[in-house]
Undergrad: 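Encoded as structure tokens, here's the structure I'll be asking about.
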Amino acid sequence: MSLLGRLYLGLVAAFLLAPLVVVAGVSLNPQRCLLFPPDGVSLTWYAALIEDSAWLGAMGNSLAIALLSASLAVAIALPLAWFLWRWRVRWARPLFTLGLAPFLLPPVITALGFLVFWIEVGLHGRMLATVVSHALFFVALPLANLSLGFESIDREVVEAGRVLGADEPTLFRTVVLPAIAPYLVAGFAFAFVLSLNEYIVAYMVAGFTVETLPIRIFNSLRYGYTPVMAVVSVVFVLLAGLVFALVARYGDLLKLLGAVRPQRE
Amino acid sequence: MSGAGAGERPRGLAQHLPVLWPAAMLLGFFVVPFGFMLTFSFYRRIQAGFYEPAFVLDNYARFLSPLFVDTLLFSIGLCALAAAVCVALALPFTLAVARLRRRTQVAWMVFILAVLSLSEVIIGFSWSVLLGRAAGISNLFVTLGLLERPEAYAPGFLALLLGLSFLAFPYAVLLLFPAVVRLDPEVIEASRTLGAAPLTAFRTVILPALRSPLMIGLILVFVFTLGSYLLPQMLGRPQHWTLSILITDQAIFQSNIPFAAALAIFLMLVSLALVALTLALGRRRQPA
């Protein structure tokens, strides 16, 4: 690669890393102050996070919501993607677009739709509302991933299995599931991590009763600074990095992101 | 062989079952909420927190006030600018990454995904620290002797623009990545061999090949930044607050759901119209 290319990559890396470095630095301050570079290195605020029940509660909420909503999103996306792949019926195609729509619209619109809906249904302010809203909001990610996964299956293998007398469940278990497994995991991981970090939908649907971590960070910014929020940010970035590194370790990340090299003989 | 299932139709309830559940979820929890929102946008507000069924256009009529027109125009301008900056930064980056070795590409993409998943709160917080007076980058300039005393660069318009570009950058990269990888390296190589300067090759080979992914990237980044709710509050001044903040403010703090719903419907129509317009323009310019 040219020198110019390397220089550009370096600049972008610096741009993307700058806020992370600042947050990590600020989190190490021994006193309750916003100093960068930190005037010392201490893990006081990391310990404070573990002792503070309010922060831990918010973290527990976030993890529970992310886990449940990502599972629900996959449970919605998998049968839909399978059906579209298996039958290729035209009338079902709009459902795919409908699945992508909540994610592609400006989030505030989707969030307001959910707010109005949960008030009418009487579940506004419940964690269930946040879970279902996040599942629908992020269903686009497993849906897009899984449809890539189904397209990667060699249809002749499926046909051969069918000719040899395998029924639909057997085919699914022996041919389809192994092929789509990495896409399934990736779809779940995307939905999980984005749900952990989502603010506006969680805030509109149950912001005053079910406090997630992003909501707590924003609230505590309003009412005065505490280094714990920097600590939480560091933990979340590491968690996200870990999840995606695992996805890359056990699957073909570039293919999951839609990269297919031009075929060449 | 044309793929399995071609020409076949699912029959009976059992074979339709896999699609009924996702369809029910999508209709029940996405289409129905939208229906509610559309209905409420025509309701009449009685007093704070209360509204009654009606069919009035009052909520829409309020758009004509200068405050909302100004906010709308500002939001569109800001987000269009952010989308342009973001895609302009992301394109050379994605081209450069696509040429790296596989392992290095994977590492970059893990990094991009980690940044993508950063909460808007964390992005807003860290940039406000970085651009602020207390712990910000201006302290570095003072140390280097470039400045006499630390300055605050946030809140402000440029800080907000920077934050929005940061927010959407990983998203733009992921949108461009598949198309950039599919670019045939041999065609670019051939144009070089035929004597095209790098910039000429970029203009005549790469850009035309990426026209529609770039268009789609611009639109989606635009819509994405239009929905940003926290960054304008954290990095901008009140005059930089966008339509998203106005909508949330009306819904939560003014308890004026009908007006918030009308604003949201309007914002959606604007987004869709811009998407349609851009797609139409892109198609017309495409050589036959």
Side-chain angles (χ1 to χ4, degrees), chain A residues 1 5 8-9 12 16 18-19 22-23 26 34-36 76 79-80 82-83 86-89 92 95 98-99 102 105-109 112-117 120 132 136 155-156 158-159 193-194 197 199-200 214 217-218 221 233 237 240-241 244-245 248 253-254 257-262, chain B residues 1 3-6 9-10 18-19 21-23 25-26 29-30 32-34 36-37 40 92-93 96 99 105-106 109-110 113-115 117-123 125-127 129-130 134-135 174 177-178 181-182 184 220 223 226-227 229-230 244 247-248 251 257 260-261 264 267-268 271:
Chain A
M1 166 163 327
Y8 187 69
L9 282 182
V12 170
L16 295 178
V22 170
V23 171
V26 165
L34 191 62
L35 281 181
F36 187 83
I76 295 170
L80 180 55
W82 178 83
F83 187 86
R86 171 67 182 86
W87 297 106
R88 314 203 143 201
V89 278
L95 284 173
L98 193 60
L105 287 171
V108 70
I109 297 177
L112 187 70
F114 286 137
L115 167 80
V116 168
F117 177 76
E120 279 306 289
V132 175
L136 269 292
R155 284 191 180 263
E156 298 199 2
V158 180
E159 203 51 40
V193 171
L194 288 183
N197 288 289
Y199 178 87
I200 184 74
I217 297 178
F218 191 58
L221 263 178
S233 307
V237 173
F244 292 124
L253 184 72
L254 299 181
L257 297 177
V260 184
R261 289 271 175 204
Chain B
M1 173 174 300
R9 288 281 170 275
V19 79
W21 144 257
M25 289 301 281
L26 286 171
F29 293 110
F30 182 63
V32 169
F34 256 87
F36 279 174
M37 200 161 69
F40 282 25
F93 172 80
R99 289 215 210 140
Q105 269 189 53
V106 171
M109 282 307 168
V110 169
L113 287 170
V115 176
S117 63
L118 278 182
S119 181
E120 231 185 297
V121 192
I122 299 177
I123 295 175
F125 168 59
S126 50
W127 278 106
V129 173
L130 196 63
L174 290 183
F177 186 64
V181 173
R182 280 193 197 98
D184 198 334
L220 290 181
V223 174
L226 208 51
Y229 166 71
L230 294 176
S244 285
I247 294 175
T248 315
I257 299 274
L267 181 61
M268 185 178 72
S271 311

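Within every chain, numbering begins at 1; the chains are lettered A, B, ... in the order of the sequence lines, protein sequences first and strands thereafter.
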Undergrad: Closest heavy-atom contact between A:Val22 and B:Ser126?
TA: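 Between these two residues, the closest heavy atoms are CG1-O, 4.4 Å.
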
Undergrad: Tell me which of these, A:Leu257, A:Val193, A:Leu115, A:Val237, has more heavy-atom pairs under 4.5 Å with chain B than the rest.
TA: A:Leu257

Undergrad: Taking side chain as everything from C-beta outward and backbone as N, CA, C, O, which of these in A:Ile217 sits under 4.5 Å from a heavy atom of chain B? Side chain, backbone, both or neither.
TA: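 Both parts, heavy atoms under 4.5 Å.
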
Undergrad: Check A:Ile109, A:Leu112, A:Val116 against B:Phe34 for a side chain to side chain contact (heavy atoms under 4.5 Å, CB included) and give me the one that passes.
TA: A:Ile109

Undergrad: Residues in side-chain contact (heavy atoms from CB on, under 4.5 Å) with A:Ala92, at least two apart?
TA: A:Phe83, A:Leu84, A:Val89

Undergrad: Any chance you could lay out the side chain to side chain contact (heavy atoms under 4.5 Å, CB included) test for B:Leu26 and A:Leu136, step after step, and finish with the verdict?
TA: CA-CA 7 Å; B:Leu26 286 171; A:Leu136 269 292; 3.7 Å; yes

Undergrad: With a 4.5 angstrom heavy-atom cut-off, which part of B:Val115 approaches chain A: side chain, backbone, both or neither?
TA: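 For B:Val115, the contact with chain A is made by the side chain alone.
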
Undergrad: Any side-chain heavy atom of A:Val23 sitting closer than 4.5 Å to one from B:Val129?
TA: no

Undergrad: Pair A:Val108, B:Leu267 - check side chain to side chain contact (heavy atoms under 4.5 Å, CB included), show working.
TA: CA-CA 10 Å; A:Val108 70; B:Leu267 181 61; 4.0 Å; yes

Undergrad: Looking only at heavy atoms, which two atoms of A:Pro106 and B:Gly227 are closest? And how far apart?
TA: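 Smallest heavy-atom distance, with atoms named: CB-CA, 3.9 Å.
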
Undergrad: Check whether any side-chain heavy atom of A:Leu254 lies under 4.5 Å from a side-chain heavy atom of B:Val181, and answer yes or no.
TA: no

Undergrad: If the condition is side-chain contact (heavy atoms from CB on, under 4.5 Å), which residues does B:Val32 pass it with, not counting sequence neighbours?
TA: A:Phe117, B:Phe36

Undergrad: List the atom of B:Trp127, the atom of A:Pro19, and the distance in Å for their closest heavy-atom pair.
TA: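 Looking at all heavy atoms of both residues, the closest pair is NE1-CG, 3.7 Å.
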
Undergrad: Testing the basics here: between B:Ser117 and A:Leu194, what is the closest heavy-atom pair and its distance to 0.1 Å?
TA: CA-CD2, 3.9 Å

Undergrad: For chain A, find which of B:Val106, B:Leu230, B:Ile123 contributes the most heavy-atom pairs closer than 4.5 angstrom.
TA: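 Top count of heavy-atom pairs under 4.5 Å with chain A: B:Leu230.
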
Undergrad: Quick check on the interface: out of B:Leu226, B:Ile257, B:Leu118, who has the most heavy-atom pairs with chain A under 4.5 Å?
TA: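 The option with the most such pairs is B:Leu118.
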
Undergrad: B:Ala23, B:Pro92, B:Ala260: which one forms the most heavy-atom pairs within less than 4.5 Å of chain A?
TA: B:Pro92

Undergrad: Is it the backbone or the side chain of A:Leu253 that comes under 4.5 Å from a heavy atom of chain B, or both, or neither?
TA: side chain

Undergrad: Who among A:Ala18, A:Gly99, A:Pro214 has the most heavy-atom pairs with chain B under 4.5 Å?
TA: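 Looking at each option in turn, the highest pair count goes to A:Pro214.
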
Undergrad: Pick one of side chain, backbone, both or neither for B:Leu113, based on which atoms fall under 4.5 Å of a heavy atom in chain A.
TA: both

Undergrad: Which atom names give the shortest non-hydrogen contact between A:Phe244 and B:Ala114, and what distance separates them?
TA: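 Scanning both residues, the minimum pair turns out to be CD1-N, 3.9 Å.
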
Undergrad: At a 4.5 Å cut-off on heavy atoms, which part of A:Ile200 comes close to chain B: side chain, backbone, both, or neither?
TA: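 A:Ile200 touches chain B through side-chain heavy atoms alone.
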
Undergrad: First locate atom CE of B:Met25, then atom CG of A:Leu80, and finally report the distance between them rounded to the nearest 0.5 Å.
TA: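 Going from CE on B:Met25 over to CG on A:Leu80, the span is 12.5 Å.
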
Undergrad: Check each atom of A:Tyr199 against the heavy atoms of chain B and say whether the ones under 4.5 Å are side chain, backbone, both or neither.
TA: side chain

Undergrad: Quick check on the interface: out of A:Leu105, A:Asn197, A:Leu221, who has the most heavy-atom pairs with chain B under 4.5 Å?
TA: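 The option with the most such pairs is A:Asn197.
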
Undergrad: Would you give the length of the straight line joining atom CZ of B:Phe29 to atom CD1 of A:Ile76, rounded to the nearest 0.5 angstrom?
TA: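 The distance works out to 8.5 Å.
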
